[in-house]
Q: 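Structure provided below as structure tokens; questions to follow.
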Number of protein chains: 2
Amino acid sequence: MDVLKSAAPSNFCDTCTVRNRAICSDLTRDELNALNGIGRQRKLRAGEQLIWEGDEAVLVANVIDGLLKLSSQTSDGREQILGIAYPSDFLGRPFGGSTPYGVEALTEAQVCVFERRDFDRFAREHPRLEHKLLERTLSELDRTRKWMLLLGRMNAEQKIASFLLQVADRAGDSDTGEEDRVTFDLQLSRQQIADVLGLTIETVSRQMTRMKSQGLIDLPSRRTVTILDRYALEDRAE
Amino acid sequence: MDVLKSAAPSNFCDTCTVRNRAICSDLTRDELNALNGIGRQRKLRAGEQLIWEGDEAVLVANVIDGLLKLSSQTSDGREQILGIAYPSDFLGRPFGGSTPYGVEALTEAQVCVFERRDFDRFAREHPRLEHKLLERTLSELDRTRKWMLLLGRMNAEQKIASFLLQVADRAGDSDTGEEDRVTFDLQLSRQQIADVLGLTIETVSRQMTRMKSQGLIDLPSRRTVTILDRYALEDRAE
DNA sequence: CGAAACTTTGAGAGGGTTCAAGATGAGTGG
DNA sequence: CCACTCATCTTGAACCCTCTCAAAGTTTCG
């Protein structure tokens with residue numbers, strides 16, 4: 001029995017929950033084993049930093065579980081969140097250069113980490129992996145550009161409404177019922193929401209309170225939102 | 001003579017000025033011929049639209065010469081420029097999906113256009129091309145994220161200063177002399193600068209006039225800027 | 001139960017927008 | 001070459017949204 005087991009060596013990819021969604025999804029069994037050989041899993045506590053802004057990029061990673069933020073700071077310490085990484089998302093900057101933003105866990109998180117040099121070499125030898133990474137990067141670029149319109153041209157109300165709708169869609173699977181009455185967890189503090197939207201914490205708070213008093217949303221707890229009138233909310237978002 | 005000529009068929013890549021910088025740069029002679037077969041050159045007048053926002057992505061392109069803008073609009077018609085494409089940059093959205101932004105020539109421009117389906121197939125068969133495209137997309141994503149910090153967290157003065165420094169660096173080769181006295185052409189109208197920075201035309205105008213009166217810059221003509229005190233300008237940028 | 005962190009609420013100030021008018025410059029045809 | 005026109009840019013004044021500063025309220029967690 002033991003002999004049989006060792007003939008098929010254990011591999012943490014086997015139990016990976018994002019195995020079919022992350023960039024590894026097109027790899028063969030052998031390729032997966034090779035990749036497994038250069039990576040390691042790592043657990044992060046909420047608030048723990050994985051990559052520092054401006055560091056030479058020494059590692060890249062796949063998100064397995066949890067939420068992480070990519071962020072950058074002005075010289076006077078104000079922060080802008082550049083993106084939120086969800087399970088199956090790819091983190092870091094392969095192929096040279098430094099990472100121009102920091103990566104920090106927002107919740108407890110599980111990531112699959114690679115030394116960048118190892119990953120770079122592996123990627124160059126496996127075009128299917130590079131292709132997956134390319135598709136992912138193109139989508140991320142689209143999403144980021146869409147966010148620029150929000151940052152550059154929307155007022156506070158539009159920003160909050162867009163944000164709530166986006167989080168609702170992304171966390172969508174959770175609650176349901178009628179189409180326009182969804183409850184979901186924000187996962188972010190008011191300060192973090194402000195840092196995503198380029199606002200202050202007070203403005204975020206006021207806008208959300210206002211939307212609640214207008215019956216667009218409900219706020220059952222600090223980090224929970226119920227959308228009561230999705231249609232009206234979409235109206236405010238544009 | 002004619003026989004010899006036809007043995008080495010002419011190929012517009014041969015005379016391409018961005019041949020060694022664009023994503024085609026790693027291709028062999030044969031590959032280049034194949035790519036040449038599916039592409040065509042196209043000339044655009046200033047203001048001409050190459051891709052419309054929200055269109056299903058039917059074509060992609062390399063910029064050979066000129067400047068183009070990627071931009072998106074709010075429902076009430078206000079515009080946000082998401083990026084400027086320079087010669088050797090790649091345009092469009094390969095591998096499915098629609099292009100969530102419009103592409104329009106800012107100056108007279110020359111592009112090398114491909115049907116997206118043709119390009120997709122070619123790319124998948126040529127990993128070196130995909131690799132180039134991946135590196136380029138990763139760089140573009142970095143640049144775009146850097147811009148988010150500007151849009152979300154900087155005031156008008158910081159935005160203008162950052163913008164002028166960035167244009168100066170990108171157009172850098174032109175004039176010179178001392179290190180901190182560069183003259184360059186903006187290529188953009190005040191309105192377009194406003195659309196890049198998420199400001200109004202009036203704010204852009206006021207800030208630039210103010211910087212001129214403070215001796216940071218000079219404005220020899222409407223679209224020309226001279227940086228008189230680069231150090232001070234860098235100070236304003238942060 | 002008490003302290004610390006986070007959120008809400010209020011009042012006031014300021015930066016950027018809006019609306020409006022005037023100035024400048026480029027292109028056109030007489 | 002000069003007037004004329006149109007688009008672009010500058011300047012001014014008033015307003016408003018968001019920020020700032022401050023304090024009170026709420027939740028969380030030891």
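Chain naming here is simple, since letters A, B, ... match the order of the sequence lines and numbering starts at 1 in each.
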Q: Round to the nearest Å and state the distance from M211(A) atom CE to dT7(C) atom P.
A: 17 Å

Q: Rounded to whole angstrom units, what separation is found between the CG atom of L219(A) and the C1' atom of dT9(C)?
A: 15 Å

Q: Is the backbone of L199(B) close enough, under 3.5 Å, to the side chain of R153(A) for a donor and an acceptor to pair up by distance?
A: yes

Q: Over how many whole Å does the gap from D195(B) atom CG to dG16(C) atom C1' extend?
A: 16 Å

Q: Rounding to a whole Å, what distance do you find between R223(A):CZ and dT8(C):P?
A: 12 Å

Q: Between R236(A) (CZ) and dC17(D) (C1'), how many Å, whole number?
A: 16 Å

Q: Output the rounded distance in Å from CD1 (I201(B)) to C1' (dT11(D)).
A: 12 Å

Q: Send over the distance from L186(B) CG to dT8(D) C1', rounded to a whole Å.
A: 14 Å

Q: Taking atom C1' of dT7(C) as reference, at what distance in whole Å does atom CZ of R210(A) sit?
A: 19 Å

Q: Is the shortest distance from a Lys or Arg side-chain nitrogen in R230(B) or D169(B) to a carboxylate oxygen in the other one below 4.0 Å?
A: yes

Q: Can you see if the side chain of S205(B) gets near the phosphate of dT11(D) - specifically, an N or O under 4.0 Å from OP1 or OP2?
A: no

Q: State which residue, out of Q191(A), Q73(A), K69(A), fulfils the side chain to side chain donor-acceptor pair (under 3.5 Å) condition with E79(A).
A: K69(A)

Q: Taking 4.0 angstrom as the limit, do E140(A) and R136(A) come out as a salt bridge?
A: no

Q: Check whether any side-chain N or O of Q158(A) sits under 3.5 Å from a backbone N or O of E238(A) as a donor-acceptor pair, and report yes or no.
A: yes

Q: Indicate, with yes or no, if the rings of F114(A) and F90(A) have centres closer together than 6.0 Å.
A: no

Q: List the protein contact pattern of nucleotides 18-30 of chain D with one symbol per nucleotide (5' to 3'): B for base contact, S for sugar-phosphate-only contact, - for none; contact means a heavy-atom distance under 4.0 Å.
A: SSBB---BBS---

